[in-house]
Amino acid sequence: MSIRIGILGYGNLGRGVECAVKQNPDMELAAVFTRRNPADVHIMTETAKVYHVDEAVKMKDEIDVLILCGGSATDLPKQTPEFAQYFNVVDSFDTHAKIPEHFADVDAAAKKSGKIGLISVGWDPGMFSLNRLYANAILPEGTDYTFWGKGVSQGHSDAVRRIEGVVDARQYTIPVEKALTAVRNGENPTLTTGEKHTREVFVVAEEGADREKIEKEIKTMPNYFDEYETTVHFISEEQMKAEHAGLPHGGFVIRTGKTGWEKEHSHVIEYSLKLDSNPEFTSSVIVAYARAAYRLNREGQSGCRTVFDIAPAYLTVKSPEELRKHML
Ligand SMILES: NC(=O)C1=CN([C@@H]2O[C@H](COP(=O)(O)OP(=O)(O)OC[C@H]3O[C@@H](n4cnc5c(N)ncnc54)[C@H](OP(=O)(O)O)[C@@H]3O)[C@@H](O)[C@H]2O)C=CC1
Ligand SMILES: N[C@@H](C[C@H]1CC(C(=O)O)=NO1)C(=O)O
């Protein structure tokens with residue numbers, strides 16, 4: 001029996017999840033839900049339909065896992081706890097400073113409904129989080145670094161699109177070369193947030209919008225821009241389409257550490273990603289974790305989880321015996 005997947009919110013991530021479900025033979029897309037008029041939302045899967053989000057709860061017995069593809073800035077804080085009352089849910093919530101609060105909200109709802117709520121799944125938070133954990137557990141004496149880009153942060157782009165007067169936006173995260181070089185040279189530098197990355201934003205504003213106000217709201221936005229040197233450009237819709245259509249990204253997590261007694265030895269752990277499509281890669285991670293959420297709930301588990309709580313074997317269609325035989 002296939003795992004029946006629902007998508008709530010059809011943007012970059014929603015389209016990515018639709019692609020990822022197609023690549024997983026044990027899954028099928030059951031439905032897509034949107035806050036817009038369903039007639040205006042066109043999906044690729046012929047065997048699924050688009051419904052208004054108000055129809056979702058009626059279909060709770062036809063969906064095994066609902067994947068929430070809304071924005072972290074304003075959608076997921078509300079939607080994930082709301083729908084964890086009825087479904088096993090997975091989201092990509094990435095406002096790092098607010099993850100504990102989001103976890104508590106989802107945990108309360110999921111424990112009450114007997115469902116699994118898997119939050120902050122993707123690459124950062126997600127795969128990068130896992131690699132930071134492994135590296136710190138293995139090399140307790142060491143230094144961590146995370147660098148992203150140059151690439152398009154979907155979370156930051158979404159947060160800018162939510163500003164009044166903004167029609168569209170792309171945010172590029174740019175690593176500071178000097179900092180990168182010092183880390184790669186093993187200098188173990190102490191770096192502030194602003195010394196590691198700068199941010200560059202391209203905005204399409206509504207006719208007559210207050211551009212000065214928009215720029216100020218971007219640059220002072222807590223948890224997204226206020227700790228960075230940020231440059232804002234206002235461009236036309238045509239320019240946005242022509243010059244910023246892609247959503248590439250990537251980065252790496254690096255930990256340098258030491259072991260030994262009389263003689264000291266140095267070690268470097270590095271995990272890196274080079275992504276043609278940030279949303280499609282993120283969605284591929286999310287769909288693997290949707291499999292885990294389904295399995296955990298069938299075992300009778302409920303409540304909120306993050307990637308830290310999921311044993312790797314829950315992510316794959318391969319049996320534990322196959323894993324031991326072919327992947328160990
Ligand atoms: N953890 C991680 O590693 C990562 C996390 N993310 C997270 O994913 C979130 C979603 O990113 P992304 O999919 O790029 O955001 P989008 O802006 O593409 O979509 C967000 C929501 O906006 C609505 N929407 C989409 N297109 C339109 C449109 N044309 N007109 C009106 N509404 C629209 C959709 O909801 P509806 O259909 O209901 O209208 C959609 O769910 C980000 O905020 C980020 O936090 C992203 C990448 C990595
Ligand atoms: N959550 C990020 C994924 C990575 C990229 C990023 C950044 O560029 O600031 N931080 O984390 C996204 O929305 O793309």
Side-chain angles (χ1 to χ4, degrees), residues 6-18 31-38 40-43 50-56 66-80 83 90-96 98-99 102 118-130 132 146-163 166-175 193 196-201 204 221 223-225 227-228 230 237 240 246-253 273 275 277-286 289 306-307:
I7 292 170
L8 193 147
Y10 197 71
N12 298 313
L13 213 55
R15 282 189 291 277
V17 168
E18 188 181 6
V32 172
F33 302 100
T34 178
R35 289 162 297 184
R36 288 166 280 164
N37 177 351
D40 297 337
V41 177
H42 305 292
I43 66 173
V50 184
Y51 303 85
H52 189 270
V53 65
D54 292 346
E55 303 302 308
L66 182 66
I67 298 178
L68 299 162
C69 298
S72 293
T74 54
D75 297 335
L76 297 179
K78 179 180 169 300
Q79 291 177 330
T80 311
F83 288 94
V90 184
D91 82 11
S92 64
F93 185 72
D94 67 359
T95 314
H96 294 258
K98 295 187 175 178
I99 288 178
H102 189 56
L118 199 33
I119 66 162
S120 299
V121 180
W123 56 287
D124 203 355
M127 301 311 290
F128 274 18
S129 316
L130 277 175
R132 287 189 285 259
T146 298
F147 282 95
W148 311 289
K150 179 175 179 180
V152 179
S153 165
Q154 291 174 246
H156 291 79
S157 303
D158 168 68
V160 174
R161 285 193 287 267
R162 305 302 167 125
I163 295 172
V166 173
V167 172
D168 199 1
R170 291 289 182 287
Q171 190 268 196
Y172 292 86
T173 309
I174 303 157
T193 299
K196 286 190 282 186
H197 297 92
T198 61
R199 297 188 180 277
E200 187 171 25
V201 190
V204 178
M221 192 185 293
N223 300 319
Y224 284 92
F225 294 97
E227 294 182 79
Y228 296 91
T230 302
E237 207 143 4
M240 183 62 88
L247 294 167
H249 212 341
F252 63 89
V253 168
L273 290 174
L275 310 177
S277 166
N278 185 348
E280 286 180 8
F281 179 83
T282 302
S283 302
S284 300
V285 179
I286 289 170
Y289 277 88
T306 72
V307 295

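In listed order, ligands and their atoms are each counted from 1.
- By the 3.5 Å distance cut-off applied to N or O atoms, N278 is counted among the residues near ligand 2.
- Of the polar atoms of F33, none of the N or O atoms is found under 3.5 Å from an N or O of ligand 1, judged by distance alone.
- Atoms of ligand 1 lying under 4.0 Å from at least one heavy atom of G122, given by number and element, are 1 (N), 2 (C), 3 (O).
- Within the 4.5 Å cutoff, no side-chain heavy atoms of R199 are placed close to those of Y224.
- No donor-acceptor distance shorter than 3.5 angstrom exists from the side chain of H197 to the backbone of Y228, with no hydrogens or angles considered.
- For atom 35 (O) of ligand 1, the closest heavy atom belonging to the protein is R35 NH2, 2.9 Å.
- Looking at heavy atoms from C-beta onward, P248 lies out of side-chain contact with N278 at the 4.5 angstrom threshold.
- Contact annotation: for D94 versus ligand 2, heavy atoms closer than 4.0 Å belong to the side chain alone.
- Taking 4.5 Å as the limit, some side-chain heavy atom of R35 sits within range of a side-chain heavy atom of Q79.
- Residue contacts with ligand 1 for V121 involve N, CA, C or O but no side-chain atom from C-beta outward (heavy atoms, distance under 4.0 Å).
- Under 4.0 angstrom from ligand 2, there are no non-hydrogen atoms of F128.
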_Applying side chain to side chain contact (heavy atoms under 4.5 Å, CB included) to I174 and E200, what does each step give before you reach the verdict?_
CA-CA 8 Å; I174 303 157; E200 187 171 25; 3.8 Å; yes

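- Of all protein heavy atoms, the one closest to atom 11 (O) of ligand 2 is D124 O, 3.1 Å.
- The shortest distance between side-chain heavy atoms of I286 and L13 falls below 4.5 Å.
- Nearest heavy-atom pair, T173 versus Q171, reported as atom, atom and distance to 0.1 Å: OG1-NE2, 3.0 Å.
- Remark: minimum distance from atom 45 (O) of ligand 1 to any protein heavy atom is reached at S72 OG, 2.6 Å.
- At a 3.5 angstrom cut-off on N or O pairs, T173 counts as close to ligand 2.
- Side-chain atoms of S157 never come within 3.5 Å of backbone atoms of R170 as a donor-acceptor pair (strictly under, hydrogens ignored).
- For atom 44 (C) of ligand 1, the closest non-hydrogen atom on the protein side is D94 OD2, 3.3 Å.
- At a heavy-atom cutoff of 4.0 Å, ligand 1 is contacted by no atom of H96, backbone or side chain.
- Using a distance-only test at 3.5 Å, with no hydrogens or angles considered, no donor-acceptor pair links the side chain of T306 to the main chain of I119.
- Below 3.5 Å of separation, one finds no N or O of P125 facing any N or O of ligand 2.
- An N or O contact shorter than 3.5 Å links T34 to ligand 1 by distance.
- For atom 48 (C) of ligand 1, the nearest non-hydrogen atom of the protein is T282 OG1, 3.3 Å.
- To the nearest 0.5 angstrom, T282 atom OG1 is 10.0 Å from N12 atom CG.
- Short contacts between ligand 1 and N278, defined as distances under 4.0 Å to a heavy atom of the residue, involve ligand atoms 47 (C), 48 (C).
- Residue contact check for ligand 1: P279 places no non-hydrogen atom closer than 4.0 Å to it.
- The side chain of D158, and not its backbone, has at least one atom closer than 4.0 Å to an atom of ligand 1 (non-hydrogen atoms only; side chain from C-beta on).
- Here the protein heavy atom with the shortest distance to atom 10 (N) of ligand 2 is W148 CE2, 3.6 Å.
- Nearest-residue assignment for atom 20 (C) of ligand 1 (options R162, Q154, R161; heavy-atom criterion): R162.
- The nearest heavy-atom contact from the protein to atom 13 (O) of ligand 1 is L13 N, 2.8 Å.
- Residue contact check: G155 has heavy atoms under 4.0 Å from atoms 12 (C), 13 (O) of ligand 2.
- Nearest non-hydrogen protein atom to atom 39 (O) of ligand 1 is R36 NE, 2.9 Å.
- Comparing Q171, Q154, H249, H156 against atom 12 (C) of ligand 2, the shortest heavy-atom distance belongs to Q154.
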*Please assess D91 against H102 for the test side chain to side chain contact (heavy atoms under 4.5 Å, CB included), listing each intermediate value before the final yes or no.*
CA-CA 11 Å; D91 82 11; H102 189 56; 2.7 Å; yes

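- Between the side chain of D94 and the backbone N or O of S120 there is no donor-acceptor pair closer than 3.5 Å.
- At least one side-chain heavy atom of F83 sits under 4.5 Å from a side-chain heavy atom of L8.
- With a heavy-atom cut-off of 4.0 Å, A73 does not touch ligand 1 at all.
- With a 4.5 Å cut-off on side-chain heavy atoms, V307 and M127 do not count as touching.
- For the pair D168/E237, no side-chain contact is recorded, criterion being any heavy-atom separation below 4.5 Å from C-beta on.
- For H197, no heavy-atom contact with ligand 2 is shorter than 4.0 Å.
- Taking the six-membered ring for Trp and thresholds of 30 and 60 degrees, H249 and W123 have ring planes more than 60 degrees apart, a perpendicular arrangement.
- Residue contacts with ligand 1 for N12 involve both N, CA, C or O and side-chain atoms from C-beta outward (heavy atoms, distance under 4.0 Å).
- Shortest contact from atom 19 (O) of ligand 1 to any protein heavy atom: G11 CA, 3.8 Å.
- Scanning G16, G155, A159, G70 for the heavy atom closest to atom 10 (C) of ligand 1 points to G70.
- At least one N or O atom of R199, backbone or side chain, sits closer than 3.5 Å to an N or O atom of ligand 2.
- The N/O atoms of S120, backbone and side chain alike, include none that comes under 3.5 Å of an N/O atom in ligand 1.
- Using the six-membered ring where Trp is involved, H156 and F225 have ring planes that are perpendicular, over 60° apart on the 30 and 60° scheme.
- Between F93 and T80 the shortest side-chain heavy-atom distance does not fall below 4.5 Å.
- No heavy atom of G14 sits closer than 4.0 Å to any atom of ligand 1.
- Between the side chain of R15 and the backbone N or O of P279, no donor-acceptor pair lies under 3.5 Å.
- Inclusion of D75 in the set of residues having an N or O under 3.5 Å from an N or O of ligand 1 is not warranted.
- Closest protein heavy atom to atom 3 (O) of ligand 1: W123 N, 2.8 Å.
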*asked:* Run Y172 and V152 through side chain to side chain contact (heavy atoms under 4.5 Å, CB included) and show every step you take.
replied: CA-CA 5 Å; Y172 292 86; V152 179; 3.5 Å; yes

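- For P125, the closest heavy-atom approach to ligand 1 falls below 4.0 Å.
- Of the heavy atoms in S92, both backbone and side-chain atoms come closer than 4.0 Å to ligand 1.
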